[in-house]
Engineer: 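Below is a structure I'd like to ask you about.
Every chain is numbered from 1 and lettered A, B, ... according to where its sequence line falls, protein lines coming before strand lines. The figures that follow rest on heavy atoms only: side chains count, while hydrogens, waters and symmetry mates do not.
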Amino acid sequence: MTALTREEKTVETRHLRVYRVNSGDGDSHFDEFDVPNEAGTTLLEALRWIQLNHDRSLSLRHSCLHASCGTCGVRVNGREELACVCDLAEHGDDIRVEPLANLPTLTDLVVDMRPFYDRLPKRPLIRVSETPRTDHRFVRLEDCLECALCVSACPVVANGFAGPAALAAAARSSERDDVLAWINGPEGVWQCTTCMACVDRCPAGLDPMGSIVDMRRALVERGDVEPGVQQALQNFATQGNSYGKSAQRRARWTKGLDFTIPDAREEPVEYLWFVGDFASFDERVQRESRRLATILHDAGVSFGLLFDGERSAGNDVRQVGEQGLFETLVEHNLAAFAEARFEAIFTTDPHSLNTLRNVRSTGSTSPCTTTPSCSPTWSNTASSPWVPR
Amino acid sequence: VDAHILIVGGGGTGGALAHDLALRGLRVTLVDRGEVTSGTTGRHHGMLHSGGRYAVNDRESAVECMEENLILRRICPGSFESNDGLFVAVEDEDMEYLEPLLEGCEVAGIPAHRLTPGEALALEPNLNPELKAAVRVPDASMDAMRLPLRFFATARRNGATIRPYTEVRALLVHDHLVTGAVVVDRVTGSETQIHADVVVNAAGPWSEHVAAMAGVDVPIRPSPGVLLALRGRLCNMVINRMHKSGDGDIVVPQRSLSVVGTSSWVVEDPDDSAFPPITSRGCTPRGPSSSPPSGMPSSVPLGRPLARSSGLFVVERLEAA
């Protein structure tokens with residue numbers, strides 16, 4: 001074998017599987033192409049290369065080619081991207097390209113944007129920005145590109161949810177009564193699961209979920225929430241849990257055990273178990289809590305509870321937007337942590353884990369910074385009794 | 001029977017023409033081989049010219065710019081930022097352009113106001129604090145895709161037929177007269193004829209190719225260029241270099257981006273937008289990165305920064321080494 005000369009050097013390629021659908025009969029399949037890939041080749045360049053050199057029937061939408069117009073959104077290996085700034089090199093050798101989800105597909109990679117645009121009527125297209133050193137006000141275009149990547153990524157749009165972009169836009173005119181009624185309605189903010197997919201995908205670096213939670217907060221402040229949510233918040237406020245059960249009964253699940261779990265406020269333990277509402281009060285999950293306690297006990301692990309000192313970590317309270325009540329719960333738990341002696345906290349409850357580990361409440365530090373460490377590994381082990389809600 | 005106009009090309013020219021002709025009651029069909037605005041129209045930096053850029057060397061264009069500027073603001077409210085533009089002098093050499101600029105603007109009917117460095121910095125704090133003078137003109141940022149979309153939508157409402165993904169395969173010529181086109185629906189592959197009283201070639205850099213189908217020579221020099229799209233708004237106003245037009249002399253804020261432009265080179269085929277050897281992929285930041293570009297390639301000599309040293313504003317001119 002002689003070395004390849006420069007002329008004979010083979011071009012590096014990537015394998016693309018591109019979704020195709022005929023608008024006539026609706027039959028869909030994937031077409032496969034090997035596209036040339038140099039450093040920095042984008043998916044849009046690759047798709048246009050296919051159009052120009054192999055298959056002129058491939059339909060896709062594009063305009064600016066620099067992440068400004070928001071027209072070339074597709075799903076790349078299941079994840080939403082603007083094709084124009086999608087670097088082929090970051091997506092492996094076998095790349096699956098599909099149209100955005102949650103919008104009707106017209107042909108191939110082109111979706112019908114009308115259902116998306118139709119939900120933006122309450123949106124002010126322009127906004128005012130100010131320069132820091134003068135009172136001069138420039139009227140400027142919004143940051144949102146209207147690319148619908150967030151709508152495609154959102155898990156609840158299929159249930160009739162208006163979607164992150166439209167609601168974030170509505171947030172800018174939420175002083176209007178008709179907008180307020182809409183965001184509080186069945187398409188509105190209460191359907192959001194705060195999964196953050198929209199924040200993750202937004203090519204403009206925006207935070208639509210934050211706007212949604214802000215609107216919830218505003219609605220809660222006005223007392224403008226549905227009775228079920230109102231009742232749950234009432235339960236958190238009076239008993240510190242969503243069940244409305246007495247805080248004294250929080251550790252009653254331990255009654256069936258043939259050993260006693262230490263109270264971390266009375267004797268030092270290595271691990272403090274933050275049990276959480278569901279593992280404490282739900283009868284099915286209580287069984288799992290007892291199983292884990294038995295395993296830990298049999299394994300000789302030093303662990304304890306806060307018993308009636310524990311309150312809900314407040315994950316749902318915060319995401320509903322009741323910031324004041326959330327702060328109250330945090331303060332109560334922080335006081336209980338301060339009273340207890342332990343080296344690390346663990347929890348089997350993912351909602352508590354999220355709040356304990358990730359949330360910094362205003363006015364106080366995250367609970368985790370007051371303790372040596374949180375131990376997320378516990379909730380990930382095979383023996384975890386976590387039961388999804 | 002009303003006259004039927006076939007427009008080839010769904011860019012800004014074709015869209016505005018379709019709108020205008022539909023308003024006049026003509027039957028209009030517009031075809032584009034791809035989606036509307038998928039050619040050069042969507043790719044410009046999104047600036048509504050006041051004409052200031054042409055005031056010194058191209059008076060006729062400057063006058064037209066200002067007139068059209070006012071018309072577009074009137075008929076497409078909400079499509080533009082009310083941000084205005086600044087011509088900024090950074091070097092002594094730039095100051096030689098000041099008087100001709102002010103005079104040219106006056107003659108062309110462009111409202112231009114000279115600002116002191118302090119006044120300019122108050123409006124745009126990121127400007128190079130060493131600036132010597134600035135002139136404020138009614139430039140504006142626009143959405144390069146959605147402004148023409150308004151023309152397409154209005155034209156369609158007024159009866160025009162807009163057919164994206166419809167490619168002209170041949171022009172019908174009878175007795176030295178173009179009478180229509182053979183078009184292919186790119187989605188279905190079906191081929192049909194569209195007969196028309198007038199066929200308008202609005203294909204931009206592809207118009208040489210379209211004209212050749214009728215045996216007509218329209219010499220075009222397709223000239224792609226590089227825009228740098230940087231994450232974050234460095235300025236609210238359109239910032240121009242107070243200098244005769246050159247590469248890398250403008251920054252246009254675009255939503256959450258700053259678009260720095262531009263450069264140009266000549267190609268044979270308008271579909272060839274590959275980078276020439278002089279530029280490097282390393283200088284075009286891609287993707288929603290919050291970090292500044294990794295740096296300009298060493299083969300590109302850098303000029304003086306237009307702005308204080310943010311590291312982002314280093315492009316003054318892209319020139320062959």
Engineer: Regarding A:S63 and B:S38, do their side chains bring together a donor and an acceptor under 3.5 Å, going by distance alone?
Structural biologist: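 Not at all, the side chains of A:S63 and B:S38 share no donor-acceptor pair under 3.5 Å.
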Engineer: How many angstroms lie between atom CZ of A:R48 and atom CG of B:D271, to the nearest 0.5 angstrom?
Structural biologist: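 CG of B:D271 is found 6.5 Å from CZ of A:R48.
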Engineer: Answer yes or no: is there a donor N or O on one side and an acceptor on the other, between the side chain of B:R255 and the main chain of A:E142, under 3.5 Å?
Structural biologist: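 Present.
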Engineer: Before giving the answer on side-chain contact (heavy atoms from CB on, under 4.5 Å), spell out for B:E35 and A:H62 the whole-Å C-alpha distance, their side-chain angles and the decisive distance to 0.1 Å.
Structural biologist: CA-CA 7 Å; B:E35 183 59 276; A:H62 60 79; over 6 Å; no
Engineer: More than 12 foreign heavy atoms under 6.0 Å from CD of B:E268: is that the case here?
Structural biologist: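 12 or below, so no.
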Engineer: With side-chain contact (heavy atoms from CB on, under 4.5 Å) as the test, pick out the partner of A:S68 among B:L227, B:V259, B:L257.
Structural biologist: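 Among B:L227, B:V259, B:L257, the one that satisfies the side-chain contact (heavy atoms from CB on, under 4.5 Å) with A:S68 is B:L257.
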Engineer: Would you indicate whether B:R73, at its atom CZ, is surrounded by more than 12 heavy atoms from other residues, nucleotides or ligands within a distance under 6.0 Å?
Structural biologist: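 It does: B:R73 CZ has more than 12 such atoms within range.
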Engineer: Contact part of A:L60 toward chain B, heavy-atom cut-off under 4.5 Å: side chain, backbone, both or neither?
Structural biologist: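 Interface part for A:L60: backbone (N, CA, C, O).
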Engineer: Can you tell me which portion of A:L58 sits under 4.5 Å from chain B's heavy atoms? Options are side chain, backbone, both or neither.
Structural biologist: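 Only the backbone of A:L58 comes within 4.5 Å of chain B.
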Engineer: What's the shortest heavy-atom distance between B:M145 and A:T71, and which atoms?
Structural biologist: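 Smallest interatomic distance, heavy atoms only, reads CE-CG2, 3.2 Å.
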Engineer: Do B:Y165 and A:R56 pass the side-chain contact (heavy atoms from CB on, under 4.5 Å) test, and can you show the C-alpha distance, the side-chain angles, and the key distance before you say yes or no?
Structural biologist: CA-CA 9 Å; B:Y165 306 106; A:R56 294 187 83 76; over 6 Å; no
Engineer: With rounding to the nearest 0.5 Å, note down the distance linking NE2 in A:H66 to CD in B:Q254.
Structural biologist: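 Answer for the NE2-CD pair, A:H66 versus B:Q254, is 6.0 Å.
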Engineer: Counting only heavy atoms closer than 4.5 Å, note whether B:V184 contacts chain A via side chain, backbone, both or neither.
Structural biologist: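 Neither; nothing under 4.5 Å.
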Engineer: How long is the span from the CG atom in A:L52 to the CZ atom in B:R33, to the nearest 0.5 Å?
Structural biologist: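 Interatomic distance, A:L52 CG to B:R33 CZ, rounded to 0.5 Å: 6.0 Å.
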Engineer: Got a sec: does the NE2 of B:H209 have more than 12 other heavy atoms crowding it under 6.0 Å?
Structural biologist: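 12 or below, so no.
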Engineer: To the nearest 0.5 Å, what is the distance between CE on B:M142 and CG on A:L141?
Structural biologist: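 So the CE of B:M142 and the CG of A:L141 are separated by 10.5 Å.
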Engineer: Quick test of your reading: applying ring-ring contact (aromatic ring centres under 6.0 Å, His included), list the pairs with at least one residue in residues 134-154 of chain B, sequence neighbours left out, ordered by first then second residue.
Structural biologist: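 Every pair satisfying ring-ring contact (aromatic ring centres under 6.0 Å, His included) with a residue in residues 134-154 of chain B: B:H19-B:F151.
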Engineer: Does the B:R186 side chain pair with the main chain of A:S57, one donor and one acceptor, at a distance under 3.5 Å?
Structural biologist: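 No, the answer is negative, given that no donor and acceptor are paired below the 3.5 Å cut-off.
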Engineer: Counting only non-hydrogen atoms closer than 4.5 Å, does B:H45 touch chain A with its backbone (N, CA, C, O), its side chain (CB onward), both, or neither?
Structural biologist: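 Neither part.
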